[in-house]
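Just so you know, these numbers come straight off a predicted model, no measurement behind them.
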Amino acid sequence: MVVGDFPEEVDTLIVGAGPGGYVAAIRAAQMGQKVTIVDKGNLGGVCLNVGCIPSKALISAGHRYEQASGSDDMGIVAEKVSVNWDKVQEWKGQVVNKLTGGVESLLKANKVNIVKGEAYFVDQNTAKIMDDKQSQTYKFKNCILATGSRPVELKPFPYSERVLDSTGALNLKEVPGKMVVIGGGYIGTELGGAYASFGTEVTILEGTKDILGGFEKQMTQLVKKRLKGKGVDIVTEAMAQGVEETDNGVKVTYEVKGEEKTVEADYLLVTVGRRPNTDEIGLEEVGVEMDDKGLIKVDKQGRTNIDSIFAIGDIVDGPPLAHKASYEGKIAAEAISGEKSEIDYLSMPLVVFSDPELASVGYNESDAKEAGYDVKVSKFPFAANGRALSLNDTDGFVKLITRKSDGLVIGAQVAGPSASDLIAELGLAVEAGMTAEDLALTIHAHPTLGETVMEAGDLAIGMPIHTMK
């Protein structure tokens, strides 16, 4: 970093190098802009370093351990299967390093200038980038804010060696004997389930009536069944009150239906949401408009009330999803380049890597009806799919939401094996305005899980082959 009174001049400054920021930087550079990206942490942001990627690596390792421990149904008997936890963590780290190294290579290949430091905005076209030793002023024509979010810390549960956020939970030095999870959303269910796969006794405390809010009950019931099969205790409508720490563990107090209870464990994981990183970077002084949650207000191109400043990802309205941030980053970069691109969340998928996986795109049944659509619901079970049977993984279904008048696919849900992958075809169907007949007429290889999409299409047009109407 050059130090001096003369500012560096760039076309576009990207603040934050997560899945929103680095994608925006590459797209902006591809469109001819001189781009600098700045981040105080590692390239890839929370997602690649301490979020999406390492958590999925841990989940995969947990599944491998369960599989290696044997499957009586399939005649597989195993003895003395053990976990080398240090090796698991080492492997997880290797996965992260490969991806973050890849991001750096991609940025450099696209001639994006990478700067380490923190940004503070001086005015609508100027920011200071600071590290521990020095600072440099940058003048920009446009800026894309992609600073991400951080875990919400509850006052009764300050983070410590025993009270963990998601990052702490991913980097434990041991497999806990017991763990309490406050919050049964995406992160709590995924990480709680991952540790349960390794044999940890897990208790999930959820304040609402069900875990995984936002997904239909028929989907969450499948996850709860699997979790309970792993020995997980799920307590809903439970209000956590406080924690007492000891040298060796925690005692968590919570209330259910007016009755106070306690549960002891080695660790407490708190996953009750995330807070946008929009404070302490000078946005108020510049005049960027935010709501009472600290989220930045933007238009359909990601532009704030300041024409030169855009915002994407977790710091704007909507679910904190990596793929949402990446999509918004492309739109903002294209808008800066004069394109007419606009944000459209119609086919934005929601995925939770639970066991089984859950995924949804477009409308679900209740939302479609509330929106005034007259719909047909067609549900094909994995139990009728040859590949699912051969995998011994038949819980779940593919469900199509189609408009009765013309068969247009306006939504879909998948609960079951590889739901996170299958939802892509269904998202394409929603995005491209395809009908159930289009899906039914698309030849799918046999035997594959993907056939469930074709079969759901057959069901939707009233001519099912491998299930009854």
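Between Thr304 and the options Leu283, Val316, Val286, Ile296, a side chain to side chain contact (heavy atoms under 4.5 Å, CB included) holds for only Ile296. The only option from Leu426, Ile423, Leu428, Val361 that meets the side chain to side chain contact (heavy atoms under 4.5 Å, CB included) definition with Ser347 turns out to be Val361. No option in Lys399, Glu216, Gln413 other than Gln413 meets the side chain to side chain donor-acceptor pair (under 3.5 Å) test with Ser360. With respect to Tyr373, the side chain to side chain contact (heavy atoms under 4.5 Å, CB included) criterion is satisfied by exactly one of Asp367, Ile410, Thr402: Ile410.
When all heavy atoms of Ser166 and Arg274 are compared, the closest pair comes out as OG-NH1, 4.2 Å. Across Ile37 and Ala25, no two heavy atoms sit closer than the pair CD1-CB, 4.0 Å. The nearest pair of heavy atoms linking Gly450 to Leu422 is CA-CD2, 3.7 Å. In plain terms, the two heavy atoms of Ile331 and Glu342 that are nearest each other are CD1-O, 3.8 Å. Considering every non-hydrogen atom in both Lys34 and Asp11, the closest pair reads N-OD2, 2.8 Å. In terms of heavy atoms, Asn49 sits closest to Pro54 at O-CG, 3.4 Å.
Figure legend: Arg303 and Phe310 shown without cation-pi pairing, the cationic atom not lying both under 6.0 angstrom from the six-membered ring centre and within 45 degrees of its axis.
Salt-bridge annotation for Lys224 and Asp210: present, with a side-chain N of the basic residue lying under 4.0 Å from a carboxylate O of the acidic one. Under a 4.0 Å N-O distance rule, the pair Asp131/Lys116 does not qualify as a salt bridge. Between Lys56 and Glu190 there is a salt bridge, since at least one side-chain N of the basic residue sits less than 4.0 Å from a carboxylate O of the acidic one.
Side-chain atoms of Tyr327 and Ile312, non-hydrogen and from C-beta on, never get closer than 4.5 Å to each other. Leu170 is listed as a side-chain neighbour of Leu191, based on a closest heavy-atom distance under 4.5 Å.
Within the 3.5 Å criterion, the main-chain N or O of Ile465 finds no donor-acceptor partner in the side chain of Asp458. Of the possible donor and acceptor atoms, one in the side chain of Gln89 sits under 3.5 Å from a partner among the backbone N and O of Leu172. The closest donor-acceptor contact from the side chain of Tyr363 to the backbone of Lys369 lies at 3.5 Å or more, if one exists at all. A donor-acceptor distance shorter than 3.5 angstrom exists from the side chain of Glu153 to the backbone of Tyr159, with no hydrogens or angles considered. At distances below 3.5 Å, not a single donor-acceptor pair connects side-chain atoms of Thr452 with backbone N or O atoms of Phe382. At distances below 3.5 Å, not a single donor-acceptor pair connects side-chain atoms of Glu66 with backbone N or O atoms of Ser197. Of the possible donor and acceptor atoms, one in the side chain of Asp165 sits under 3.5 Å from a partner among the backbone N and O of Thr167. In this structure a side-chain-to-backbone donor-acceptor pair under 3.5 Å is missing from Tyr22 to Leu106.
Shown here is Glu437, whose CD atom has no more than 12 heavy atoms of other residues, nucleotides or ligands within 6.0 Å. Within 6.0 Å of CG on Asp317 lie no more than 12 heavy atoms contributed by other residues, nucleotides or ligands. Other residues, nucleotides and ligands place more than 12 heavy atoms under 6.0 Å from the NZ atom of Lys92. By the 6.0 Å contact criterion, CD on Glu174 is enclosed, its count of non-hydrogen atoms from other residues, nucleotides or ligands being greater than 12. Counted within 6.0 Å of CD on Glu161, heavy atoms from surrounding residues, nucleotides or ligands total 12 or fewer; the atom is thus considered open. At most 12 heavy atoms of other shown residues, nucleotides or ligands fall within 6.0 angstrom of atom CZ in Arg64.
To the nearest 0.5 Å, the span separating CG on Asp279 from CD1 on Ile315 amounts to 11.0 Å.
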